[in-house]
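Quick notes on the structure that follows.
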Amino acid sequence: MLKHYLKLLVSAAAILIAASATAQEPLKIGMVLEMSGAFADFGMQMMNGARAYMKVHGDMVAGRKVELIVRDTTGVPDVAKRVAQELVTNDKVDFLAGFGLTPSALSVAQLATEAKKPMIVMNAAASVITTRSPYIARVSMTLAQVTAPVATWAIKNGITKVYTLVADYGPGIDAETQFKKTFTAAGGQIVGDVRTPMRNPEFAPFLQRIKDARPQAVFVFLPAGEQVVAFMKGFAERELDKAGIKLIGAGDITEDGVIEAMGDAPLGVVTTHQYSVAHDSAENRAFLKAYAEVAGTKQRANFMAVGAWDGMAAMYEVARRLNGKIDGDKAMDILKGLKIDSPRGPLEIDPVTRDPVETIYVRRVERLKDGKLYNVEFDKFPNFKDPSK
Ligand code: PHB
């Protein structure tokens, strides 16, 4: 008899627990992404990275069903601000996340502060971003962080005269500033610099100017995607390589997602960055498998997809530790110092700057046995922080 009552009691409790779980509101993640326009690749990579994470880790965390609500910024900062406001006010999201472009992240910073919404930056990489709101945590990189190592590598490898070319906006200026600082401090000389427009840049005249200046190498940062493909083709067409000018850069210029569209031009190019598809680890293999399942095998993942995957890992962990009740201040306390086993290697969110601390790899573009181009890692700077902060 007693046994029977106990059984009833247990199943009643189980029903109650199940009911309270299903009665919980979904955990809403507002994704502010470039889904159309010249930077639509960014949104596609981040969406697929986030979906790949959910494919492996499920769509339930701390009793709440995870819902991604995607809004298109079209690459315009004012649109990013408006859609973020709608996500907070109308959709009542628990987190803001995404942000491919620096200007979009900057335009949403104040809203994150006012609404006390944790804002997870999955790519945007100007150093200043995390200083604009205490509710921002970044899981990607900063340009200063991925640039300093290639300046060090260049000097160590006998390159002393460099021309710099960067996109004329926050991350580009950070890259230029950091490259010059690290390179000249180690005895290098900058023989010229140029900043190219963010919209529809025409690289031919700049490439000619660089060729005429005869540097040993040109250091380049351009936003990943279409621009780097156009630049790489121009570099080969103008025969800068044949004139003995080496190309070095932040890894954005040989990013995995578009590298196959560059022909042979990037072969031998050395860059420094936090992620390569060729990174050899169990975490990376699991990531790439899941990515192929959601995105198909034609589209290769890149560092932005990894940023989204890791951003999801961070939000899942916050949800777990807060038992599903997301409070902005408590979430930020958890994010500060959070460690993640990323497909790129170990990743930590610096408790002071809320920026990533991670390994920056030195890589060379090679054609591997499968006939495809890869950034092959051959040296590294472990636990590397943004040196400008
Ligand atoms: C940025 O706008 O912060 C940004 C965009 C593309 C990159 C890196 C940084 O490849």
Side-chain angles (χ1 to χ4, degrees), residues 102 125-126 141-155 157 159 161-184 188-198 200-259 261-274 276 302-303 360-365 373 375:
T102 285
M141 58 162 177
T142 72
L143 254 305
Q145 179 184 31
V146 298
T147 292
V150 80
T152 305
W153 179 86
I155 282 286
N157 287 273
I159 296 172
K161 286 190 171 60
V162 169
Y163 206 110
T164 64
L165 179 146
V166 299
D168 190 9
Y169 79 129
I173 293 161
D174 282 2
E176 183 197 275
T177 308
Q178 189 62 50
F179 187 86
K180 286 181 176 175
K181 195 168 172 205
T182 307
F183 192 62
T184 56
Q189 188 193 345
I190 303 292
V191 296
D193 55 31
V194 64
R195 296 176 181 175
T196 55
M198 262 304 270
N200 309 312
E202 174 52 69
F203 295 114
F206 301 124
L207 285 164
Q208 190 57 47
R209 220 191 287 168
I210 294 169
K211 194 176 177 187
D212 294 343
R214 303 205 148 272
Q216 278 173 289
V218 52
F219 163 82
V220 177
F221 164 72
L222 292 167
E226 284 174 14
Q227 285 202 23
V228 292
V229 177
F231 175 84
M232 208 58 87
K233 285 190 175 150
F235 191 86
E237 273 163 22
R238 297 249 148 191
E239 302 192 324
L240 273 78
D241 47 346
K242 295 207 177 97
I245 301 170
K246 289 196 174 65
L247 179 58
I248 58 175
D252 308 70
I253 67 165
T254 55
E255 63 105 340
D256 294 303
V258 295
I259 197 167
M262 297 177 186
D264 282 341
L267 277 172
V269 172
V270 170
T271 61
T272 45
H273 223 230
Q274 76 277 26
S276 165
N302 73 2
F303 62 94
I360 304 302
Y361 303 88
V362 189
R363 315 96 48 86
R364 186 179 286 110
V365 177
L373 294 173
N375 290 287

Verify side chain to side chain contact (heavy atoms under 4.5 Å, CB included) between F203 and R238, making sure each step is shown before the conclusion.
CA-CA 10 Å; F203 295 114; R238 297 249 148 191; over 6 Å; no
List the steps and the verdict of side chain to side chain contact (heavy atoms under 4.5 Å, CB included) for V166 and V220.
CA-CA 6 Å; V166 299; V220 177; over 6 Å; no
Under the criterion side chain to side chain contact (heavy atoms under 4.5 Å, CB included), I'd like the reasoning laid out for W153 against I248: C-alpha separation, chi angles, the key distance, then a yes or no.
CA-CA 10 Å; W153 179 86; I248 58 175; 4.2 Å; yes
Given side chain to side chain contact (heavy atoms under 4.5 Å, CB included), test D241 with L247 step by step and report yes or no.
CA-CA 8 Å; D241 47 346; L247 179 58; over 6 Å; no
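Contact record, Q227 with P197: NE2-O, 4.3 Å, taken as the closest heavy-atom pair. Across all non-hydrogen atoms, the minimal contact from I259 to L373 is O-CD1, 3.6 Å. What you find for M262 and V228 is that their closest heavy atoms are CE-CG2, 3.8 Å. Minimum interatomic distance between T147 and A250 (heavy atoms only, all atoms of both residues): OG1-CB, 4.3 Å. Nearest heavy atom pair, residue M141 against residue F303, reads CE-CE1, 3.8 Å. When all heavy atoms are compared, the tightest approach of I360 to P149 is CG2-CG, 3.7 Å.
Counting only heavy atoms from C-beta outward, the side chains of R214 and V191 never approach each other to under 4.5 Å. The shortest distance between side-chain heavy atoms of F221 and I253 does not fall below 4.5 Å. Contact of the P201 side chain with the F206 side chain is not registered, since no non-hydrogen atoms from C-beta on lie closer than 4.5 Å.
With sequence neighbours excluded, no residue forms a salt bridge (charged side-chain N to carboxylate O under 4.0 Å, His left out) with D174. A search for side-chain contact (heavy atoms from CB on, under 4.5 Å) contacts involving A265 returns M232, A236, not counting sequence neighbours. In this view, E176 and K180, R195 satisfy the salt bridge (charged side-chain N to carboxylate O under 4.0 Å, His left out) rule, not counting sequence neighbours.
Atom OH in Y361 sits 12.5 Å away from atom NE2 in H273 (nearest 0.5 Å). Note that CD of Q178 and CD1 of I173 are 14.5 Å apart. Values are rounded to the nearest 0.5 Å. Summarising the geometry, atom NZ belonging to K246 is positioned 9.0 Å from atom CG belonging to N157; distances are rounded to the nearest 0.5 Å. Here the CZ-CG distance, from F235 to L207, works out to 7.5 Å after rounding to the nearest 0.5 Å. Separation of atoms CG (L165) and CD1 (I210) is listed at 4.5 Å; rounding is to 0.5 Å. Rounded to the nearest 0.5 Å, atoms CE (M198) and CG (L222) are 9.5 Å apart.
Checking side-chain atoms of N375 against main-chain N and O of T254 turns up a donor-acceptor pair under 3.5 Å. Looking only at distances, a side-chain donor or acceptor of T102 sits under 3.5 Å from a matching main-chain atom of A126. In this structure, the side chain of T272 engages the main chain of V146 through a donor-acceptor pair within 3.5 Å. When atom types are taken as modelled, the side chain of E255 and the backbone of G225 share a donor-acceptor pair closer than 3.5 angstrom.
Heavy atoms of other residues, nucleotides or ligands lying less than 6.0 angstrom from CG of D212 number more than 12.
Classification of the F179-F219 ring pair by plane angle, with boundaries at 30° and 60°, yields parallel.
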